[in-house]
Amino acid sequence: MSALISVQLDAVEELAADLATLAVALASEAPLCTSTANSLASALGGHEGLLAFSAGSGWPRLIDSLADRTAAVSATLSNAVDAYRTLDAGLARRIPGRVGVTAIAR
Amino acid sequence: MSAPLPAVAGWDLPLLRGAVGTLDVVTGRLTAWRSRTEAVGRALESARCWSGPAASEAARAVVDLSADAVSSSAGLRGALAELTRMVGAAEEAQEAAAAALATAAAEGLPVDERGGVTVPVVDPRMSAEQVAVLRGQTEAAARVEALAGRAAASAVVVAEAAEAAGRALHPVADQGPPLDLLAPFDGAGEAVPLGGPPTAVAGWWASLSAGEQRRLLATRPDQLGGLDGVPAWARDRANRLVLDAALAAPGTPGEETARAVAAELDRQEAAGRRVQLWTLDLDDGLAAVAVGDLDTADAVAVLVPGIWTTPEDDLAAQVGNAADVAQRAEAAAPGLAVAALAWIGYRTPQGPLSIGSRRDARAGGPALDDALAGLAAARSALAVPEPRTTVVAHSYGTVVAGEAAAAPGQLAADAVVLLGSPGGAESAAALEAPEVYDAASPLDPVSWVGWFGPDPWAAPFGATELPTDPDTLHSQYFDPDRPTLDAIAHVVVGRGHA
């Protein structure tokens, strides 16, 4: 493979942290939306209140789902950074004093 | 079946309105959240941060996230529209139900849950007086039943709207198919709103997912680079593609402009500055370069130059002025992010006849007006706070600023600074900005010729004077060693003037 592969681990880690913060910020909206859905039900009561509650419940569902996906992407980035570091440390351990010894891929 | 009449009359409408208002606010915050998430995606795409196949996949994951956020926002807005309709119907239903109950109570009529009223029939043995009372009650009963019918009809709309709101919300897919950013893009399906008002353009752009935005940038950079209302990061990306294409094909029109722009971008980036190529029009020889990030800055300065200014000869000096303004402004307000745009966005007068004419200003004014509106709209469409915006116009640029203010709609600026102005507006109020400042020097003849209107330094004009040195020349207002630059910087960050 001739393509350039480069990574600034600290920078990617920072972006992962940014995404994690965004996930938490979004998830924190869900409880407010849940209580708001309850308010819709209380305000109308009966059949109409039930339908309004059902619609209002869509807000926390969507927001939780988006927050979960954001957290998952953040975790993927963090894992990638960890994997790069682990790989690099492993390579570093193999290289000193082993010149001339053929490494075996595992 | 609709709700009983007393139940409708007892609906808690303030609670209902408050709940829908809360969902509206949360939906707005989701738009702002999405723009922050997309900024992370753009940072991931940056080759300086991470490159290679894994980086591409990671950026793609964030793009997918953006697509979900766009889809979710659209669903929430649709549901919100239905809930708003529901609130309106609930108000009508309650008003009618309350009136029905009040009418029945006033007439002493028993009314059932559905608004039905029973009135005794007229008996031939009744006196004329009793018959008259009964007839009155019968008429009242008809009114009650009509009101109850209205209440029931509106209550049905309440239920329908609530149900429609629920249908408008689609769940986010757990794992959508990966988006192929390199796939051919059928641009025929997506019309770029060329010539549309900046607010409409900004709304259109915000409605696109990050993947759609990237594919449009890749296929139509020439249309997007100068489109007011599109965020600065996207204009920068589009204009750089156009620039690269021009540099790769020597002999194309505007080659000299392209080379000057590329050299200036290289020079600024080599100096460690973040710059955005906000405008590049090689046909008309126009360019605008921002120092800083126009999408996120707390304060933005837009520098409007005067006569004989071209990108080929003057972009470096203009961007240098912008950098100086941004640097002094950030020093005046530590912690505040400032961006300054060197805007050669109109054809400046080049000949002896045109320098004494408003003709070029009449073309440049609306362009400046749209540019300012676009900067504001790009933020508001993403629910991002707008920056404090200051127009810093020099010489004939002050005439352009006057024409921008005269264009339809309010000038999207918090302050206007006039430097060495030959006139241009009838008064400070005519410039449509809450704050208007002027700098004029005794040794600057342009500032007292009054070619284009009253002298802004004269008290009746109504501008606040900025300091100058007694020997400041017409081209020296941005001189780092003179007091005017710091005064401009203070205005840009909203701290009065030094």
Side-chain angles (χ1 to χ4, degrees), chain A residues 1 3-12 14-16 18-19 21-23 25-26 29-30 32-33 35-70 72-74 76-77 80-81 83-84, chain B residues 1-4 7 10-20 22-23 26-27 29-30 33 36-37 39-40 43-44 46-55 58 61-62 64-65 68-69 72 75-76 79 82-83 86 90 155 158-159 161-172 174:
Chain A
M1 182 185 294
L4 173 68
I5 297 178
S6 68
V7 60
Q8 289 185 16
L9 296 175
D10 289 346
V12 175
E14 201 173 306
L15 292 175
D18 286 348
L19 276 181
T21 304
L22 285 166
L26 190 59
E29 301 275 21
L32 172 65
C33 294
S35 73
T36 303
N38 289 330
S39 296
L40 288 173
S42 304
L44 294 176
H47 178 60
E48 290 83 356
L50 194 63
L51 291 172
F53 171 79
S54 174
S57 299
W59 263 259
R61 270 203 310 275
L62 275 176
I63 279 169
D64 270 337
S65 180
L66 265 181
D68 286 348
R69 286 201 61 177
T70 308
V73 174
S74 163
T76 303
L77 291 187
V81 170
Y84 275 123
Chain B
M1 181 170 147
S2 64
W11 281 348
D12 188 344
L13 291 189
L15 181 63
L16 190 68
R17 281 191 285 265
V20 174
T22 300
L23 294 178
V26 170
T27 304
R29 285 203 289 254
L30 179 60
W33 177 89
R36 291 166 60 198
T37 306
V40 173
L44 267 177
S46 157
R48 287 189 296 271
C49 173
W50 193 8
S51 69
V62 181
D64 287 346
L65 200 57
D68 284 343
S72 299
L76 293 176
E82 291 296 343
L83 290 182
M86 177 190 79
V158 168
E163 206 166 5
R167 284 197 303 271
L169 297 170
H170 309 288
V172 175
D174 286 339

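Numbered from 1 within each chain, the chains take letters A, B, ... in sequence-line order.
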> Do E29(A) and W33(B) touch side chain to side chain, with heavy atoms closer than 4.5 Å?
Replying inline: no
> Of all residues at least two apart in sequence or in a different chain, which pass the side-chain contact (heavy atoms from CB on, under 4.5 Å) check with A55(B)?
Replying inline: W50(B)
> Counting N and O atoms only, with roles assigned by atom type, does the side chain of S51(B) sit under 3.5 Å from a partner on the main chain of S6(A), one being a donor and the other an acceptor?
Replying inline: yes
> Does any non-hydrogen side-chain atom of R36(B) lie less than 4.5 Å from one of D18(A)?
Replying inline: no
> Checking heavy atoms, do the side chain of T37(B), its backbone, both or neither come under 4.5 Å from chain A?
Replying inline: both
> S42(A) and L15(B): which non-hydrogen atoms are nearest, and at how many Å?
Replying inline: CB-CD2, 4.0 Å
> What pairs with P60(A) under side-chain contact (heavy atoms from CB on, under 4.5 Å), at least two apart in sequence or on another chain?
Replying inline: A30(A), C33(A), T34(A)
> Is chain A contacted by the side chain of A69(B), its backbone, both, or neither, given a heavy-atom distance below 4.5 Å?
Replying inline: both
> Between L51(A) and M86(B), does a side chain to side chain contact (heavy atoms under 4.5 Å, CB included) hold up when you go through it step by step?
Replying inline: CA-CA 11 Å; L51(A) 291 172; M86(B) 177 190 79; over 6 Å; no
>> Ignoring hydrogens, what is the shortest heavy-atom contact between A55(A) and G166(B)? Give both atom names and the distance.
In response: CB-N, 3.6 Å
> Using non-hydrogen atoms only, which part of S39(A) is less than 4.5 Å away from chain B: side chain, backbone, both, or neither?
Replying inline: both
> Which atom pair, heavy atoms only, marks the closest approach of E48(A) to A3(B)?
Replying inline: OE2-N, 3.4 Å
>> At a 4.5 Å cut-off on heavy atoms, which part of R17(B) comes close to chain A: side chain, backbone, both, or neither?
In response: neither
> Considering all heavy atoms of both residues, which atom of S72(B) and which atom of L62(A) are nearest to each other, and what is their separation?
Replying inline: OG-CD2, 3.7 Å
>> Quick check: do L19(A) and V62(B) have side-chain heavy atoms less than 4.5 Å from each other?
In response: yes
>> I'd like to verify something: which residue of T22(B), L76(B), T27(B) has the highest number of heavy-atom pairs under 4.5 Å with chain A?
In response: L76(B)
>> Counting heavy-atom pairs closer than 4.5 Å to chain A, which one of V26(B), V158(B), V20(B) comes out on top?
In response: V26(B)
>> Using heavy-atom distances under 4.5 Å, tell me whether A161(B) contacts chain A through its side chain, its backbone, both, or neither.
In response: neither
> Which answer fits S54(A), side chain, backbone, both or neither, if we ask what part of it has an atom under 4.5 Å from a heavy atom of chain B?
Replying inline: neither
>> Does any backbone or side-chain atom of I63(A) lie under 4.5 Å from a heavy atom of chain B? Answer side chain, backbone, both or neither.
In response: side chain
> Can you say whether A80(A) sits under 4.5 Å from chain B via the side chain, the backbone, both, or neither, judging by heavy atoms?
Replying inline: side chain
> Where do L40(A) and L23(B) come nearest, in terms of heavy atoms and distance?
Replying inline: CD1-CD1, 4.1 Å
>> Less than 4.5 Å to any heavy atom of chain B: does that hold for the side chain of V73(A), its backbone, both, or neither?
In response: side chain
>> Which atoms of L83(B) are under 4.5 Å from chain A, going by heavy atoms: the side chain, the backbone, both sets, or neither?
In response: side chain
> Which heavy-atom pair separates L77(A) from A58(B) by the least distance, and what is that distance?
Replying inline: CD2-CB, 3.6 Å
